[in-house]
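See structure below.
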Amino acid sequence: MSAQIQPIRGMADLLPADSGTWQQIEDRLRALLEAYGYQELRVPVVERTELFKRSIGEVTDIVEKEMYSFEDRNGTSLTLRPEGTAGVVRACISNGLLHNQRQKVWFTGPMFRYEKPQKGRYRQFYQFDVEALGFEGPDVDAELIIITQRIWQLLGIDAVTLELNSLGTPESRRHYRDALTGYFTANEAQLDEDSRRRLGRNPMRILDSKNPAMREVIEAAPVITDYLDDESAEHFALLRALLDDAGIAYRLNPRLVRGLDYYTRTVFEWVTDRLGAQSAVCSGGRYDGLVEQLGGRSTPAVGWAMGLERLVELYRLSNGDAGGLV
């Protein structure tokens, strides 16, 4: 008898006993997004590696350590998509969807990252992405956050907290980066090897460090909200007012910078304490410079991504491990 072929580590099978719950959750998300005027867009699983290096940022864990990249027979470097926003933006540019138009789209599918597998973190995982391109004001930021609040209500999930921050414009962020560089340089002896390497190229990535030995030095670092330009500060204040009017509670987190370089102004995460170390269930923000960065016209944009494995697990924990939707 031949030896059994084992599954690839970090890539799980979805069995018939579980697929019904997944389908019902996905159906509810689709129906909600269609009610808000979002349409489905499907993008390829494989893209040119350059797309992710240019959008996510070369000095990030995703690009440096986690991407599944390979050369095809023509010698072109290709990558299994590690996240969805870059592919959506590329598709909108490639297909002329942003010429005097605005787009509200969603898509779902597998993503791939070479990470250490653990509960809630897989090497192939599924995301539900929602993106609004061509919308400048904080009202759309608020709309996207309100949609996520509606999702928690639809699924009976209450163990989530919204964390909110603003990263400002690239120019105001440069001033902040200078301040961070000075601070971390003065405290370089307390930095680990990864952080020392990032110090000269992108010190904001140091704030993403999960090394507990660096918690104290990171907590004492300058905060980005002290360096916001006037327009970004006004945008952030208006967003908070809209969320207050909608009755959505949030916690300001000036250390929230997100792990992708393309974010500007609004960034947010819905987090929970019910999934162990993997606390983020839904993450997003504004990326006003990304369309132009990828070869399109300057276009404001904002979106979020939700991990489906974590959403399904959180749904089950919130509803007594129910097999189907209540």
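Keep in mind the model is a prediction, meaning the values are calculated, not measured.
Summarising the hydrophobic clusters (Ile, Leu, Val, Met, Phe, Trp, Tyr; side-chain heavy atoms under 4.5 Å, direct or chained), the residues clustered with L78 are I8, M11, V45, V46, Y68, F70, L80, F112, Y114.
Applying the salt bridge (Lys or Arg N to Asp or Glu O under 4.0 Å) test to every pair with at least one member in residues 151-163, sequence neighbours left out, gives these pairs: E163-R251.
In the displayed structure, Q39 atom CD is contacted under 6.0 Å by at most 12 heavy atoms of other residues, nucleotides or ligands. E64 CD: more than 12 foreign heavy atoms inside a 6.0 Å radius. With a 6.0 Å radius and a threshold of 12 heavy atoms from other residues, nucleotides or ligands, R274 has its CZ atom above the threshold. No more than 12 heavy atoms of other residues, nucleotides or ligands lie within 6.0 Å of CG in D230, so this atom counts as exposed by the packing criterion. Within a 6.0 Å sphere centred on CZ of R42, heavy atoms belonging to other residues, nucleotides or ligands number 12 at most.
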When the side chains of residues 217-227 are checked against the rest of the protein, which donor-acceptor pairs come out under 3.5 Å, sequence neighbours left out?
none

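Contacts of R215 classified as salt bridge (Lys or Arg N to Asp or Glu O under 4.0 Å), with partners at least two apart in sequence or in another chain: none. Residues meeting the side chain to side chain donor-acceptor pair (under 3.5 Å) test with E143, sequence neighbours left out: Y38, K104. D194 is linked by a salt bridge (Lys or Arg N to Asp or Glu O under 4.0 Å) to K65, R197, counting only residues two or more places apart in sequence or in another chain.
Salt-bridge formation is not detected for the pair E40/R30: no Lys NZ or Arg NE/NH1/NH2 atom is positioned less than 4.0 Å from an Asp or Glu carboxylate oxygen.
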